Amino acid sequence: MTSEVIWPLFMLAGLVAGIFVGYPVAFVLAGIGILFAVAANVPFLFLSTSVSRIYSGILTNWLLIAIPLFVFMGLMLERSGVAERLLKSLAGVFRGVPGGYAFAVAIIGIVMAASTGIIGASVVLMGMMALPTMLANRYDPKLSCGLIAASGTLGILVPPSIMLIVLGDQLRVSVGELFMGAVGPGLLLGLLYVLYLVGVAIFQPHRMPAAETGEAQPFWQAFGTLAKDLLAPALLIIAVLGTIVAGIATPTESAAIGAVGATILAITSGGLSLGVLRSALLDTTKTTAMIIFVMMGATVFSVVFRKLGGDTLILDMFSSLGTSPYVVLFVIMALVFLLGFFLDWVEITLVVVPIVAPVVMGLDFGLPKEQMMIWFAIALAVNLQTSFLTPPFGYALFYLRGIAPKGVTIGMIYRGVIPFVVIQVAALLFVVIFPQITLWLPGVLR
């Protein structure tokens with residue numbers, strides 16, 4: 001076996017080993033790159049090119065400014081009390097209906113996904129508000145946990161999504177068009193969740209009986225309360241996504257609009273204080289720093305990996321699969337799905353995507369290249385969403401376990417998410433088989 005094959009394979013093995021040992025991913029990526037550059041006698045002058053790439057591709061990248069702005073927007077919206085009031089209003093509308101509270105959680109998941117995009121905040125918020133009430137109304141704990149975890153992860157797909165910003169940067173496609181392309185799959189996934197709940201309500205109503213707690217209201221009064229509570233997040237969604245769709249603002253500018261809008265909502269709701277502001281700014285800094293440091297480490301890793309022939313090795317491996325582009329796409333999606341059991345979306349996006357992107361660019365799916373990359377990116381985003389729910393390292397599972405009431409075990413949570421992972425895989429198949437689910441909105445507005 002030649003050195004052109006040995007070094008890239010050893011790099012990948014070292015990366016996997018470093019991650020499983022538990023070292024921070026950013027340092028593992030950069031450290032593996034530097035160690036193998038020294039071991040393979042890569043000139044230090046060439047290694048220094050990673051510095052210029054970090055500076056030009058990350059530190060001075062105008063697009064990436066949207067990341068802290070969207071994170072801050074989500075955190076401020078969480079603290080404004082908008083989601084809590086909206087959930088109570090939805091529960092009032094669905095009161096007396098089998099699975100009413102479950103439908104409310106699914107809908108609030110869609111609304112919050114289009115408003116925040118912060119997975120941890122959404123899962124924790126809905127878990128603290130909804131899970132105790134659902135259990136008090138004799139809901140199946142597994143169904144309740146699975147629904148909350150799955151609904152909370154919609155924010156990673158539905159725009160404004162931080163993951164779509166990173167994917168757009170890695171694949172060199174328009175983030176605005178990715179946002180538009182994600183609307184169809186995001187609504188499809190939310191609809192599949194609701195249809196699943198309808199099926200459970202019809203065939204297994206004992207798993208989510210009609211609510212017995214809470215104050216009963218006339219339907220018209222409950223609907224009026226819902227309309228009032230829905231107004232604020234609707235205006236924020238229109239301000240953020242509407243300005244992008246209308247071509248008024250770039251994703252970065254719309255993120256600034258969202259951050260200001262969420263702050264105004266927090267002020268008007270009485271939820272803003274110096275402590276809340278300090279906490280939101282601190283959490284924004286931590287999240288942004290984590291993503292940027294992983295991006296910097298991935299840059300060092302990819303520079304050395306390509307220098308040692310890793311990209312050629314990957315291209316040759318996929319070429320051996322045959323000429324069918326869908327076979328290659330299936331292998332890529334299967335690889336990403338399996339990696340999601342062990343890695344976070346950030347690591348998968350920044351390590352795997354740059355390696356497989358040239359492979360996908362060489363495939364022919366009967367679509368123009370720009371549309372094909374948008375379609376591939378959204379399909380990848382749907383796939384990556386499963387990484388939050390697949391054990392043993394699904395982040396949404398740990399978020400929910402941390403705030404779950406006594407008696408809810410990690411086993412219940414693991415079993416509860418299985419139907420929703422199956423639904424996500426079904427949504428992925430729909431997106432792959434019917435590209436227009438992704439491309440209809442960008443195509444209409446182009």
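This is a predicted model, so every value here is computed, not measured. Nothing fancy with the numbering, it's 1 onward along the sequence.
- The two residues G258 and M73 make their nearest non-hydrogen contact at O-CG, 3.2 Å.
- The nearest pair of heavy atoms linking V240 to I244 is O-CG1, 3.4 Å.
- When all heavy atoms of V408 and C145 are compared, the closest pair comes out as CG1-SG, 3.5 Å.
- Listed for the S161 side chain is no donor-acceptor partner under 3.5 Å among the backbone atoms of V158.
- Between the side chain of S254 and the main chain of L241, no donor-acceptor pair closer than 3.5 Å is present.
- Under a cut-off of 6.0 angstrom, the local environment of CZ in F330 is sparse, with at most 12 non-hydrogen atoms contributed by other residues, nucleotides or ligands.
- In this view, L12 and F301, F305 satisfy the side chain to side chain contact (heavy atoms under 4.5 Å, CB included) rule, not counting sequence neighbours.
- Closest of all the heavy-atom pairs between P435 and L367 is CB-CD1, 4.2 Å.
- Remark: the backbone N or O of N383 is paired with a side-chain donor or acceptor of T386 at under 3.5 angstrom.
- With S387 contributing its side chain and L384 its backbone, the two residues share a donor-acceptor pair below 3.5 Å.
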Any chance you could lay out the side chain to side chain contact (heavy atoms under 4.5 Å, CB included) test for M76 and L265, step after step, and finish with the verdict? CA-CA 8 Å; M76 290 304 294; L265 287 180; over 6 Å; no
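- A donor-acceptor pair is defined here as one N or O able to donate and one able to accept, closer than 3.5 Å; no such pair exists between the side chain of D169 and the backbone of I165.
- Checked against the 6.0 Å centroid threshold, F420 and Y193 count as a close aromatic pair.
- Using a distance-only test at 3.5 Å, with no hydrogens or angles considered, a donor-acceptor pair links the side chain of D140 to the main chain of K142.
- The only option from I292, T285, I291 that meets the side-chain contact (heavy atoms from CB on, under 4.5 Å) definition with T288 turns out to be I292.
- A side-chain donor-acceptor contact under 3.5 Å links T153 to the backbone of A150.
- By the 30° and 60° cut-offs, the orientation of the rings of F10 relative to W7 is perpendicular.
- Not a single donor-acceptor pair under 3.5 Å links the side chain of S279 to the backbone N or O of G275.
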